[in-house]
**Student:** 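Before anything else, here's the structure in question.
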Amino acid sequence: MPELPEVEVTRRGIDAPLRQARVVAVRLGKPLRWPLGVAPDDLVGATVGPVQRRGKYLWLPLAGGRAPGGLLLHLGMSGSLGLVQRPGPPGPHDHFELDTTQGLLRLTDPRRFGAVVWSPSLTEGPAAKLLAALGPEPFDPALTPQRFHASLQARRSPIKAVLLSGEAVVGAGNIYACEALHSAGIHPALRSDRISRPRAARLLAAVQQTLQQALALGGSTLRDFKDVHGMDGAFQHAALVYGREGQTCARCGGTVQRVVQAQRSTYFCAGCQRR
Ligand SMILES: [Zn+2]
């Protein structure tokens, strides 16, 4: 499932090439998670502004046209966006296409949990509703170690589940949560409210470093993710515990284990990740 780094990699891939592009046509394929919420033709003639990201959502501002506002995009479980200069006909999994004067933006999504939703702005309409529950961004300076610790103190679930919920910080999806907990030396089953202030600070730093490394490596491709040029991410090869059950821990020489927590695989090393 595309997580924050994959979405940010996608944002960086489309932002500059689509800046000031004019929409010439919009094509919808099979239904996605939510309806578009506007007549596709009403977007024709609009101009694309700077692409933004919030959590795992992308915001594509559209100025002008008959429906000024923008599109909120989500890659769902299996989506990826491609920017194609000489597009062939859409494939069976291509369910949204924004044809512009600077290339065709195409959403390929085999499982169709992705979404493209029109909204009058980021702070009104469907976008405001969808973004309201998101926790703080990992690189927001307002997310201090103190604030992160307070947020962990307010929750009694295992820390791995709290990271996945995105309530304390967005972006630590399964692979990144496993890696950050390993890096910070914290056992994934440790109760969130039992984490001391120094360990919370170490964990926040580990989440930030893990996401930075993932961005530098083009994200992770566990199954379907491709960047806008069709390239796989490489972070999964750099992971120290994720997907490495039975292998030797690179840090302490222990053995990496896999357990299932809340129906998700957790990989960790009992040698160096303490309760
Ligand atoms: Zn270890």
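Both ligands and their constituent atoms are indexed starting at 1 by order of listing.
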**Student:** Could you give me the CA-CA distance, side-chain angles and deciding distance for Lys160 and Cys178, then say whether side-chain contact (heavy atoms from CB on, under 4.5 Å) is met?
**Tutor:** CA-CA 7 Å; Lys160 165 84 184 313; Cys178 291; 4.0 Å; yes
**Student:** Could you state the interatomic distance from NZ (Lys56) to CD (Glu8), rounded to the nearest 0.5 Å?
**Tutor:** 14.5 Å
**Student:** With sequence neighbours excluded, give me every salt bridge (charged side-chain N to carboxylate O under 4.0 Å, His left out) pair touching residues 68-77.
**Tutor:** none
**Student:** Checking Arg264 now: which residues fulfil salt bridge (Lys or Arg N to Asp or Glu O under 4.0 Å) with it, not counting sequence neighbours?
**Tutor:** none
**Student:** For the Zn ion (ligand 1), check which protein N, O or S atoms are under 2.8 Å away and list them.
**Tutor:** Cys249 SG, Cys252 SG, Cys269 SG, Cys272 SG
**Student:** Is there a donor-acceptor contact under 3.5 Å from the side chain of Trp118 to the main chain of Ala67?
**Tutor:** yes
**Student:** Using the side chain to side chain contact (heavy atoms under 4.5 Å, CB included) criterion, which residues pair with Leu240? Sequence neighbours excluded.
**Tutor:** Glu179, His182, Ala250
